[in-house]
Amino acid sequence: MAAPAQNLRINGDRLWDSLMEMAKIGPGVAGGNNRQTLTDEDAEGRALFQKWCEDAGCSMGLDQMGNMFARREGTDPDALPVYVGSHLDTQPTGGKYDGVLGVLGGLEIIRTLNDLGIKTKHPIVATNWTNEEGTRYAPAMLASGVFAGVHTQDWAYDREDAEGKKFGDELQRIGWRGEEEVGGRKMRAFFELHIEQGPILEAEGKDIGVVTHGQGLRWTEITVTGKDAHTGSTPMPMRKNAGLAMARILEKVDEIAWSHAPHAVGAAGHIEVFPNSRNVIPGKAVFTVDFRSPDLEVIQDMENRMRLAAQDIVDEMGLQIEFETVGGFDPVTFDADCVAAVRDAAERLGYSHTDIISGAGHDACWINRVAPTAMVMCPCVDGLSHNEAEEISKEWAAAGADVLFHAVVETAEIVE
Ligand code: HGY
Ligand code: MN
Ligand code: MN
């Protein structure tokens with residue numbers, strides 16, 4: 001396949017302006033974003049993305065999970081399209097670039113092809129996957145998971161948020177539930193541009209991460225039940241303190257992750273105690289343990305040891321415990337040809353690059369099950385993400401989008 005000419009680049013200023021424009025929707029309180037899935041802010045961001053795509057001459061497809069597919073026609077309408085995208089939903093205290101860079105990077109490819117009057121054989125489809133973050137509705141990557149056949153749509157529709165609102169009802173309420181069956185689309189390939197969300201690329205002075213693998217993940221929601229009681233008048237030996245049990249279990253989670261240093265990680269980001277009153281010993285604690293590693297056996301070892309340790313802790317304290325797996329996927333190996341297209345593009349464009357394993361989960365991890373898939377990463381400042389202070393440079397954004405452009409267009413085959 002003919003590669004785009006070396007000097008072909010996207011319009012970095014236009015990409016940056018679009019990022020800043022999208023960041024105005026669902027602003028956080030400290031310069032980032034709170035545009036959680038299926039909120040009115042998510043709906044507003046979707047509408048802006050749709051307008052931009054239609055302004056770029058795309059037709060918009062929308063499936064029953066709210067996944068958005070902006071199609072730029074190729075010269076061969078029967079050729080399998082090349083998909084490129086990520087997610088517009090954010091964490092509650094999210095940054096301006098996590099996910100958004102990948103969606104708007106895909107749109108920028110289409111805008112640049114229009115500017116240059118370049119035709120491709122294969123159509124190109126810029127994509128927004130619903131609910132990648134999994135914060136409001138667990139698990140993460142929910143809609144790309146339904147698309148890839150990992151979850152049923154009915155199960156996804158029944159997922160509830162903290163207020164008991166169901167995913168399917170909220171998708172209907174914001175007006176972004178399409179008619180199209182989920183998962184019917186066949187892809188020639190899928191590419192996703194994403195910020196690294198870790199420190200490696202910046203520390204090594206590399207512009208581009210060529211993502212060869214994604215580490216696996218396990219989310220286990222744990223409910224510990226003790227007994228609400230007065231924090232003042234209840235003698236220590238009589239207490240059934242669920243909060244204390246949670247603290248001891250989380251110490252074990254940390255110890256177990258460290259035992260598999262340097263690649264394994266473990267923590268709990270979701271932590272609740274009930275009734276959460278200053279003078280009541282918590283009778284219940286609910287928290288989600290997040291274990292990750294590039295090695296499936298390590299993930300399984302961490303999970304098994306954590307469950308045994310947690311059971312010992314609650315048995316010794318006379319409390320009850322329940323475990324529920326609420327998310328997870330095995331380590332991912334991306335498609336060698338797509339990965340090579342990314343690496344060759346970085347080389348051709350003269351960007352410094354290194355192979356990297358993704359620490360975070362991405363929609364690409366599920367789409368890799370149904371289409372040849374690869375990812376491009378750019379650095380982020382101090383490796384910080386899932387924090388409103390998340391920051392990248394305009395140059396990093398442009399470099400990542402340039403490499404994405406070359407990999408996508410080479411795969412979509414330019415028609416001279
Ligand atoms: O959890 C993750 O890795 C992703 O950011 N949703
Ligand atoms: Mn993301
Ligand atoms: Mn994220």
Side-chain angles (χ1 to χ4, degrees), residues 19 22-23 26 28 32-38 42 45 67 84-106 127-145 148 150-151 159 190-198 200 209 211 213-221 257 263-270 288-294 299 325-332 356-368 373 375-380 383-392 397 400 404:
L19 284 165
M22 183 60 76
N33 276 109
N34 179 8
R35 192 172 55 246
Q36 295 184 60
T37 197
L38 308 191
D42 181 18
N67 297 314
V84 54
S86 190
H87 61 93
L88 291 174
D89 68 306
T90 75
Q91 288 284 332
T93 54
K96 299 190 282 285
Y97 313 98
D98 172 359
V100 188
L101 177 63
V103 176
L104 299 186
T127 306
N128 171 33
W129 297 107
T130 302
N131 189 33
E132 188 280 340
E133 291 295 357
T135 303
R136 185 181 176 196
Y137 293 101
M141 300 113 75
L142 182 60
S144 52
V150 174
H151 311 301
R159 306 300 290 160
F190 174 68
F191 291 92
E192 180 168 4
L193 166 63
H194 207 288
I195 62 172
E196 178 197 340
Q197 299 183 292
I200 297 168
V211 187
H213 300 80
Q215 71 173 348
L217 172 157
R218 280 294 177 282
W219 279 0
T220 304
E221 185 171 282
H263 297 302
V265 292
H270 157 237
T288 304
V289 174
D290 178 328
F291 276 132
R292 307 198 190 195
S293 165
I299 294 172
T325 300
V326 293
F329 56 86
D330 294 351
V332 168
I356 194 169
I357 294 172
S358 175
H362 302 286
D363 295 306
C365 297
W366 282 145
I367 303 306
N368 187 58
T373 297
M375 293 187 71
V376 184
M377 279 189 177
C378 75
C380 51
L384 187 64
S385 182
H386 285 195
N387 183 308
E388 291 205 43
E390 176 186 281
E391 201 48 75
I392 64 173
L404 185 75

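Every number for a ligand or one of its atoms is a count from 1 in the order of the listing. Sequence positions, counted from 1, serve as the residue numbers for this chain.
Ranking the protein heavy atoms by distance from atom 6 (N) of ligand 1 puts Glu132 OE2, 3.0 Å first.
Salt bridge Asp42/Arg136: absent, no basic N to carboxylate O contact under 4.0 Å. No salt bridge links Glu388 with Lys96; every basic N to acidic carboxylate O contact stays at or beyond 4.0 Å.
Residue Arg292 holds the heavy atom nearest to atom 2 (C) of ligand 1 of all those in Arg292, Met141, Gln197.
Taken from SG in Cys380 to CD1 in Ile392, the straight-line distance is 8.5 Å, to the nearest 0.5 Å. To the nearest 0.5 Å, atoms SG (Cys378) and NE2 (His194) are separated by 9.5 Å.
Taking 4.5 Å as the limit, every side-chain heavy atom of Leu38 sits out of range of all side-chain heavy atoms of Gln36.
Per-residue contacts place Ala360 under 4.0 angstrom from the following atoms of ligand 1 (heavy atoms of the residue considered): 3 (O). Shown in contact with His386 at under 4.0 Å from a heavy atom are these atoms of ligand 1, numbered in order with element: 5 (O).
Of all the heavy atoms in Ile357 and Gln215, the pair that sits closest is CG2-N, 3.8 Å.
Protein-derived N/O/S atoms nearer than 2.8 Å to the Mn ion (ligand 3) total 4, waters excluded.
Panel note: side chain Glu196, backbone Ile200; a donor-acceptor pair is recorded below 3.5 Å.
Among the backbone and side-chain atoms of His362, no N/O/S atom is found under 2.8 Å from the Mn ion (ligand 2).
Checking Asn67 against Trp129 by side-chain atom types alone, no donor-acceptor pair falls below 3.5 Å.
Between Trp366 and His151, the ring planes are perpendicular. Angles over 60° get that label, and only those under 30° would be called parallel.
Considering backbone and side-chain atoms alike, Leu217 places every N or O at 3.5 Å or more from each N or O of ligand 1.
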